[in-house]
Amino acid sequence: MGTETTRQEKYGTRFRDKTAIVTGAGSGIGLATAEMIIQDGGRVIAVDLMEDRLQEAKAQLGENYIPVALDITQGDAADKMIQAADSKVDIVVNNAGIMDGFLPIVELDDETWERTLAVNTTAMMRICRATIPLMLEAGGGVIVNVSSEASLRTCAGIAYTASKHAVNGLTKHIAALYGKSGIRCNAVAPGAVKTNVGGNFRSELAAQRLGPILAATAPEMAEPEYLARAICFLADEHAARYINGVILPVDDGWSVV
């Protein structure tokens with residue numbers, strides 16, 4: 001090979017021959033995670049609502065980035081992901097999510113509640129429900145869910161907060177029931193991250209009550225790569241082999257303030 005450095009030599013091999021489904025993989029945390037998995041030898045079924053983001057990423061990341069443009073809340077979305085993966089799923093990263101405008105319960109409308117839970121929780125449940133049987137048949141697998149600082153403190157609206165508490169419960173339940181069958185399920189709880197997920201206040205009350213607290217306590221916004229590193233650590237069967245059912249804050253210590 002001469003002096004030419006192969007991709008495997010430049011990066012790593014921890015995900016060699018692994019196929020991962022990553023939702024929200026067109027930008028932000030999902031894209032950074034997909035790139036890291038591919039760099040370390042894996043293949044990514046990259047799921048996102050925005051086709052243009054996926055195609056732009058594929059042009060950069062190559063043939064192991066397999067774009068699947070769909071709305072994850074649709075009933076057949078998980079089946080389409082599995083089909084794109086040729087029914088081989090070693091890793092699932094449930095990253096896709098939306099915010100809720102910081103709406104408190106009295107100001108909350110049904111549409112915001114239902115959409116937030118549909119994207120952040122129900123779609124995640126369906127993906128896990130569809131992929132766990134494949135992992136059981138294969139003898140094991142890894143699920144990493146993206147929760148939130150909002151599952152640890154009050155820093156969002158009621159719908160988002162409830163959805164992320166549900167993510168934690170989903171994560172721990174899967175770990176408890178399927179851990180002895182070789183499936184590890186953990187979650188990361190990000191603080192503020194530089195993504196395109198909208199985080200604007202739609203409530204004057206929330207802005208008055210939460211705004212000053214967030215301004216005083218929240219750390220600087222993290223680069224998506226920092227979350228991707230934590231996600232890939234939890235997905236690594238060597239480094240995180242004995243870690244299951246954990247909600248890992250990746251927030252520069254925000255959760256302890």
Side-chain angles (χ1 to χ4, degrees), residues 20-24 28-30 32-33 36-37 72 91-100 116-129 131-132 135 140-193 195 197 199 210 213-214 217-219 221-257:
I21 291 174
V22 181
T23 64
I29 296 169
T33 301
M36 199 166 292
I37 291 171
I72 63 171
I91 300 166
V92 171
V93 179
N94 284 305
N95 164 71
I98 59 173
M99 291 286 287
D100 62 356
T116 303
L117 270 291
V119 173
N120 293 358
T121 307
T122 304
M124 184 182 294
M125 178 278 294
R126 288 173 176 165
I127 294 168
C128 291
R129 183 176 64 187
T131 55
I132 285 174
M135 294 179 177
V142 180
I143 299 168
V144 183
N145 297 324
V146 177
S147 182
S148 171
E149 184 80 13
S151 72
L152 308 173
R153 62 161 69 230
T154 301
C155 60
I158 186 66
Y160 186 84
T161 299
S163 74
K164 293 302 185 176
H165 276 265
V167 167
N168 291 2
L170 180 74
T171 299
K172 293 179 180 182
H173 197 276
I174 290 170
L177 268 67
Y178 297 100
K180 291 188 181 299
S181 299
I183 295 174
R184 295 188 302 107
C185 185
N186 296 291
V188 295
V193 185
T195 70
V197 177
L210 297 180
I213 297 172
L214 298 181
T217 62
M221 297 185 74
E223 297 293 338
E225 181 185 348
Y226 299 161
L227 275 300
R229 292 174 186 171
I231 290 167
C232 288
F233 162 70
L234 291 173
D236 185 342
E237 281 290 6
H238 177 72
R241 179 65 186 88
Y242 216 58
I243 300 175
N244 200 14
V246 165
I247 312 300
L248 177 65
V250 186
D251 59 4
D252 199 23
W254 190 17
S255 58
V256 299
V257 176

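Basis for what follows: all heavy atoms, side chains included, without hydrogens, waters or symmetry-related copies.
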Checklist entry - Going through the distances and angles, do Ile143 and Ile132 end up as a side chain to side chain contact (heavy atoms under 4.5 Å, CB included)? => result CA-CA 9 Å; Ile143 299 168; Ile132 285 174; 3.8 Å; yes
Item to check | Donor-acceptor under 3.5 Å (Ser163 side chain, Thr121 main chain) | outcome: no
Item to check | Pairs flagged by salt bridge (Lys or Arg N to Asp or Glu O under 4.0 Å) wherever residues 226-235 is involved - sequence neighbours left out | outcome: Glu225-Arg229
Checklist entry - How long is the gap from CG on Leu170 to SG on Cys128, to the nearest 0.5 Å? => result 5.0 Å
Item to check | Ala218: partners by side-chain contact (heavy atoms from CB on, under 4.5 Å), with sequence neighbours left out | outcome: Trp254
Next on the checklist: If you compare all heavy atoms of Cys185 against all heavy atoms of Asn244, which two are closest, and at what distance to 0.1 Å?
Outcome noted: N-OD1, 2.7 Å
Checklist outcome for this item: CD1 (Ile231) and CG (Asp236) are apart, to the nearest 0.5 Å, by 13.5 Å
Checklist entry - Can you tell me how far the CD1 atom of Ile247 sits from the OG1 atom of Thr171, to the nearest 0.5 Å? => result 4.5 Å
Checklist entry - What is the minimum heavy-atom distance between Ala156 and Leu210, and which atoms define it? => result O-CD1, 3.9 Å
Item to check | Residues in salt bridge (charged side-chain N to carboxylate O under 4.0 Å, His left out) contact with Arg126, at least two apart in sequence or another chain | outcome: none
Item to check | By side-chain contact (heavy atoms from CB on, under 4.5 Å) - contacts of Ala118 (at least two apart) | outcome: Thr73
Checklist entry - Distance from Asn120 atom CG to His165 atom NE2, nearest 0.5 Å? => result 13.0 Å
Checklist outcome for this item: Correct closest heavy-atom pair for Ala230 and Val188 would be CB-CG1, 4.1 Å
Item to check | Pairs involving residues 237-257, ordered by first then second residue, that meet salt bridge (Lys or Arg N to Asp or Glu O under 4.0 Å) (sequence neighbours left out) | outcome: Arg184-Glu237
Next on the checklist: Run the side-chain contact (heavy atoms from CB on, under 4.5 Å) test against Ala32 and tell me which residues pass, sequence neighbours left out.
Outcome noted: Pro224, Ala228
Checklist entry - Residues in side chain to side chain donor-acceptor pair (under 3.5 Å) with Ser151, at least two apart? => result Ser147, Asn168
Checklist entry - Quick one: side-chain contact (heavy atoms from CB on, under 4.5 Å) partners of Ile213, sequence neighbours excluded? => result Thr217
Checklist entry - Between Ile72 and Val119, is a side chain to side chain contact (heavy atoms under 4.5 Å, CB included) present by the stated rule, with each step listed? => result CA-CA 7 Å; Ile72 63 171; Val119 173; 4.3 Å; yes
Item to check | Separation between CE of Met124 and CG of Asn95, rounded to the nearest 0.5 Å | outcome: 8.5 Å
Checklist entry - Do Val193 and Val250 come within less than 4.5 Å of each other through their side chains, counting heavy atoms only? => result no
Next on the checklist: Restricting to non-hydrogen atoms, name the atom on Val142 and the atom on Ala235 that form the minimum distance, rounded to 0.1 Å.
Outcome noted: CG1-CA, 3.7 Å
Checklist entry - Does Asn94 have any side chain to side chain donor-acceptor pair (under 3.5 Å) partners at least two apart in sequence or in another chain, and if so, which? => result Asn145
Checklist entry - So, do Cys232 and Thr33 sit near enough that their side-chain heavy atoms are less than 4.5 Å apart? => result yes
Checklist entry - How far apart are the closest heavy atoms of Ala189 and Leu152, and which atoms are they? => result CB-CD1, 4.1 Å
Checklist entry - With sequence neighbours left out, what residues match Ser148 under side chain to side chain donor-acceptor pair (under 3.5 Å)? => result Tyr160
Checklist outcome for this item: In this structure, CG of Asn186 is separated from NZ of Lys172 (nearest 0.5 Å) by 11.0 Å
Item to check | Over all atoms of both residues, closest heavy-atom pair of Met135 and Ile183 | outcome: CB-CD1, 3.8 Å
